[in-house]
Structure formats: structure tokens, C-alpha cells
Asks: 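Input: one structure, supplied below.
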Amino acid sequence: MKYDYKILIDASADILPDFAVHYDIGIIPMVYTIDEEEHLCDHVETQEERKRFYQAQREGRLTKTSQTSPQMCMDAFREFASQGISVLCISLSSGLSGSFSSAGMAAEELMEEYPNVSIVCVDSLAASAGIGLLAERAALNREKGMSLSENAADLNEMRMRLQHWFMVDDLMYLRRGGRLSAASAVIGTALSIKPILKIESDGKLVNFAKKRTAKMAMSALVSFYNESADRSGDEHVFIVHSDNPEGAEFLKSEVASVSPDSRIDIVQLSPIIAAHTGPGLCAVIHFSREEAKRG
């Protein structure tokens with residue numbers, strides 16, 4: 001089907017591959033490295049590709065990412081702008097990355113070059129499957145005939161209802177990212193402490209709770225979900241994991257037990273985010289009730 005405008009998400013997003021293909025959702029590339037070896041992430045990676053990434057992490061190889069440059073965004077936008085097709089771009093939270101800023105700079109420059117095209121960039125204030133949920137909503141809005149500007153306005157409202165509950169397994173990745181002191185990381189590892197993080201309403205990641213075991217941490221994720229879940233007739237919940245399928249299946253079962261009518265899907269975390277969190281992560285990502293907004 002030919003659409004009036006293209007929906008693009010950056011490669012940090014997690015979304016069901018079949019949905020992305022069916023609704024023609026494109027990817028703005030991002031780069032990650034394993035040691036000094038660069039990898040261009042320009043599609044929804046396969047399970048095998050992600051398995052190799054996590055195996056490298058478990059072998060102790062250094063994983064890093066590079067911020068998306070304005071030029072990379074410009075190249076992605078130009079593919080459609082040059083054909084007279086407008087773009088709705090949904091970027092990784094500005095509280096976590098400069099991707100939204102890069103997209104905005106690229107959009108501004110290209111709209112001068114192609115004045116008949118609109119390029120609208122939405123700061124998701126989200127990560128991983130949070131961006132995926134916004135992309136799903138954007139695609140369905142577009143199917144209903146919603147204009148580009150109307151769609152962006154809806155996403156800017158709905159992003160405030162996104163909830164991200166994360167359990168991190170390897171504290172050393174948080175230490176390397178500056179979110180935990182070296183001493184706390186060493187002590188926490190020795191005591192098997194599992195921190196729980198969330199993304200606040202400003203799009204920044206905060207460490208707001210901790211549990212003594214992974215099972216206790218995952219049970220807490222379910223409790224946080226249960227307290228704020230939307231539970232509308234078409235609620236979609238993502239269980240996200242980084243090489244932790246057993247934990248993901250446990251979370252799916254527990255969420256289903258408290259919300260049996262919700263649609264629950266498991267996805268693996270993109271290397272773009274996992275480079276900073278390490279293997280073992282589990283998360284519950286969903287829309288909250290309107291009165292239970294983040295922050």
C-alpha cells in the first residue's frame with residue numbers, strides 16, 4: 001500500500017519484525033562496535049545476529065555505540081524527500097542520546113532543499129519497545145487516515161503514558177556508563193543485588209529500586225506493571241530481554257496472570273541499548289492509564 005508519508009524509527013527501537021514489514025516502517029541506521037569492529041544496524045536484526053552480539057558480551061568483549069549523525073539521518077530522510085514523500089521520524093529519547101537532535105538538524109536542512117515535503121521528528125522520551133509501541137500506534141493512526149501533523153501530536157501525548165520497567169543483571173555495565181560507582185557495582189555483584197530502573201517523564205533513565213535476587217526483581221517489575229497498566233481491550237505489552245529467554249518467559253507468564261486479556265509479546269533488546277546494559281536484562285514496557293503517567 002502506498003502511504004502519504006513514511007514512518008521511520010531509529011535502530012535502538014524494538015518492534016515485531018512482521019509488523020514493521022507489513023506497515024512499511026523504516027529504520028534509521030545506528031552503529032555499534034564489538035571491540036574495534038564496527039557494525040551498522042540498519043534493520044530489525046535477526047535472532048542469530050543478536051545471539052552473536054550477546055555471545056561477544058558474555059566473552060567479555062567491549063561493546064559500544066556511536067551517536068547517529070545528522071548526515072545518517074539526512075541520508076535516510078533524503079531517500080523519501082527526493083520522491084516528494086514526507087516523513088514522520090520517532091527517535092530514541094533525548095534524555096538518553098543525541099539522536100533526536102541529529103534528526104531535527106537533518107530535517108531542517110532537508111526541508112529547505114525540498115520545500116514541498118514535511119519531516120516531523122518526535123522525541124519518543126522512550127527506548128527499546130517503548131519506541132516500538134509508539135511506532136505501532138503511528139502506523140495504525142496512519143491506516144485510519146490521520147495526517148502527519150495529527151499523528152505527531154498524538155504520539156507526543158501518548159509518549160507520556162509509556163512505562164519502562166527494567167531489571168539489570170550485570171552491574172558492571174551500569175558502572176561503565178557512569179550510573180553506578182565502582183564500589184557499589186562490586187558490592188552489589190557480590191550480594192547479587194539487582195537494580196530496577198525506569199525511564200522518567202523527561203526521558204532519562206533512573207535507578208529507583210533494588211532487589212536481592214533476579215526473581216524478586218522480576219516479580220517487582222510485574223507489581224509495577226500491575227499498579228499502572230492500561231488494560232484496555234487492545235493493550236499491547238512488550239517483554240524485552242537481553243539474552244535472558246527464561247526470565248522473559250517467566251515475566252510473560254506473570255504479566256498474563258494479572259492481565260489475561262492483554263496481548264503480550266517477547267522481543268530481544270537491540271544491541272544499540274544492550275551495549276550499555278549488558279546481557280541478562282529483562283523489562284516490561286507498556287502504556288499506563290492516563291491517570292498513571294510517568295514521573
Side-chain angles (χ1 to χ4, degrees), residues 9 11-20 25 44-51 53-54 57 92-93 124 126-137 158-159 161-170 173 194-199 205 208-209 211 213-289 292 294:
I9 54 179
S12 68
D14 292 305
I15 190 169
L16 295 175
D18 289 347
F19 187 97
I25 297 173
V44 180
E45 293 193 322
T46 66
Q47 295 294 312
E48 281 304 311
E49 287 174 312
R50 294 190 178 187
K51 184 177 180 179
F53 172 84
Y54 290 119
Q57 284 191 322
L92 176 62
S93 171
S124 70
S128 180
I131 305 172
L133 284 173
L134 287 179
E136 286 185 353
R137 186 174 180 90
M158 289 301 297
R159 66 183 181 171
R161 290 174 54 187
L162 280 170
Q163 296 279 9
H164 305 66
W165 312 107
F166 293 86
M167 182 278 292
V168 177
D169 187 57
D170 191 333
Y173 283 85
K194 306 300 179 187
I196 297 172
L197 302 95
K198 66 179 291 189
I199 296 180
L205 190 66
F208 78 105
K211 297 294 179 181
T213 67
K215 189 169 184 179
M216 290 173 65
M218 286 192 285
S219 294
L221 299 184
V222 177
S223 294
F224 296 136
Y225 161 78
N226 196 30
E227 290 168 5
S228 63
D230 178 12
R231 289 197 184 84
S232 62
D234 59 351
E235 185 194 32
H236 190 191
V237 180
F238 272 116
I239 307 299
V240 183
H241 73 97
S242 56
D243 198 33
N244 189 353
E246 296 84 2
E249 289 293 346
F250 171 80
L251 272 181
K252 181 176 182 179
S253 174
E254 293 296 296
V255 169
S257 70
V258 298
S259 190
D261 295 328
S262 296
R263 180 162 56 97
I264 307 167
D265 283 302
I266 294 175
V267 292
Q268 268 196 313
L269 186 65
S270 161
I272 302 300
I273 302 296
H276 304 283
T277 62
L281 172 145
C282 276
V284 181
I285 301 179
H286 63 101
F287 285 116
S288 69
R289 299 184 305 275
R294 299 181 304 181

Asks: Test of understanding: with side-chain contact (heavy atoms from CB on, under 4.5 Å), list the residues that count as partners of Glu254, not counting sequence neighbours.
Replies: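 Result, side-chain contact (heavy atoms from CB on, under 4.5 Å) vs Glu254: Val222, Phe250.
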
Asks: State the CG-CD1 distance between Leu92 and Ile273, to the nearest 0.5 angstrom.
Replies: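 If I round to the nearest 0.5 Å, the distance is 5.0 Å.
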
Asks: So, for Ser124 and Arg159, which heavy atoms are closest and what is the spacing to 0.1 Å?
Replies: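 In terms of heavy atoms, the two residues are closest at O-CB, 3.4 Å.
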
Asks: I'd like to know whether Ser128 forms a side chain to side chain contact (heavy atoms under 4.5 Å, CB included) with His164, so could you lay out the CA-CA distance, the side-chain angles of the two residues, the decisive distance to 0.1 Å, and finally the verdict.
Replies: CA-CA 9 Å; Ser128 180; His164 305 66; 5.5 Å; no

Asks: Kindly give the heavy-atom pair with the smallest separation between Ala20 and Ile15, and that separation in Å.
Replies: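 Minimum heavy-atom separation between Ala20 and Ile15: CB-CG2, 4.1 Å.
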
Asks: On a heavy-atom basis, which atom in Cys282 and which in His241 lie closest, and how many Å separate them?
Replies: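 Shortest heavy-atom separation between Cys282 and His241 comes out as SG-CB, 4.1 Å.
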
Asks: Hey, are Asp14 and Ser270 close enough side-chain-wise for a donor-acceptor pair under 3.5 Å?
Replies: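 No, Asp14 and Ser270 have no side-chain donor paired with an acceptor closer than 3.5 Å.
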
Asks: Test of understanding: with side chain to side chain donor-acceptor pair (under 3.5 Å), list the residues that count as partners of Ser242, not counting sequence neighbours.
Replies: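 With neighbours one apart ignored, the set is empty.
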
Asks: Could you go step by step and tell me if Phe19 and Val44 meet the side chain to side chain contact (heavy atoms under 4.5 Å, CB included) rule?
Replies: CA-CA 11 Å; Phe19 187 97; Val44 180; over 6 Å; no

Asks: If we ignore hydrogens and angles and just use 3.5 Å, is the side chain of Arg289 paired with the main-chain N or O of Arg161 as donor and acceptor?
Replies: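 Side chain of Arg289 to backbone of Arg161: no pair is present.
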
Asks: For Ala283, give me all partners under side-chain contact (heavy atoms from CB on, under 4.5 Å), at least two apart in sequence or on another chain.
Replies: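 With sequence neighbours excluded, Ala283 shows a side-chain contact (heavy atoms from CB on, under 4.5 Å) to Phe166, Val240, Leu281, Ile285, given in chain and number order.
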
Asks: Is it the case that the side chain of Gln163 and the backbone of Phe224 share a donor-acceptor pair, with hydrogens and angles ignored and the cut-off at 3.5 Å?
Replies: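 Checking the backbone N and O of Phe224 against the side chain of Gln163, no donor-acceptor pair under 3.5 Å is found.
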
Asks: Nearest 0.5 Å, what's the CD1-NE2 distance between Ile264 and His286?
Replies: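 Taking CD1 in Ile264 and NE2 in His286, the distance rounds to 11.0 Å.
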
Asks: CG of Asn244 to CD of Gln268: how many Å apart, nearest 0.5 Å?
Replies: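 Rounded to the nearest 0.5 Å, the CG-CD separation comes to 10.0 Å.
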
Asks: One thing to verify: whether Lys194 and Asp169 come together as a salt bridge, which I'm taking to mean a side-chain N less than 4.0 angstrom from a carboxylate O.
Replies: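 Salt bridge: yes.
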
Asks: Over all heavy atoms of both residues, which pair between Ala135 and Ile25 is shortest? Give the atoms and the distance, please.
Replies: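 Smallest heavy-atom distance, with atoms named: O-CD1, 3.9 Å.
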
Asks: Look only at the side chain of Arg137 and the backbone of Met158, and say whether a donor-acceptor pair between them is shorter than 3.5 Å.
Replies: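 No, Arg137 side chain to Met158 backbone: no donor-acceptor pair under 3.5 Å.
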
Asks: Just verifying a value: how many Å separate Arg263 CZ and Phe238 CZ, rounded to the nearest 0.5 Å?
Replies: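 With rounding to 0.5 Å, CZ (Arg263) is 7.5 Å from CZ (Phe238).
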
Asks: Evaluate His236 against Leu16 for side chain to side chain contact (heavy atoms under 4.5 Å, CB included), listing each step before the verdict.
Replies: CA-CA 12 Å; His236 190 191; Leu16 295 175; 4.2 Å; yes

Asks: Taking all non-hydrogen atoms of both residues into account, name the closest pair between Ala126 and Ile199 and its distance.
Replies: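 So the two residues come closest at C-CD1, 4.3 Å.
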
Asks: Restricting to non-hydrogen atoms, name the atom on Met167 and the atom on Ala217 that form the minimum distance, rounded to 0.1 Å.
Replies: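 Result for this residue pair: CG-CB, 3.2 Å.
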
Asks: Within the 4.5 Å heavy-atom criterion, are Val258 and Tyr225 side-chain neighbours or not?
Replies: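 Of all side-chain heavy-atom pairs linking Tyr225 with Val258, at least one is under 4.5 Å.
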
Asks: Atom CD of Glu249 and atom CD1 of Ile239: how far apart are they, to the nearest 0.5 Å?
Replies: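 It is 9.5 Å, given to the nearest 0.5 Å.
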
Asks: How long is the span from the OG1 atom in Thr277 to the CG atom in Leu269, to the nearest 0.5 Å?
Replies: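 Between atom OG1 of Thr277 and atom CG of Leu269 there are 5.0 Å.
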
Asks: Only one of Glu49, Gln47, Glu48 clears side chain to side chain contact (heavy atoms under 4.5 Å, CB included) with Lys51; which?
Replies: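 Output: one option passes, namely Glu48.
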
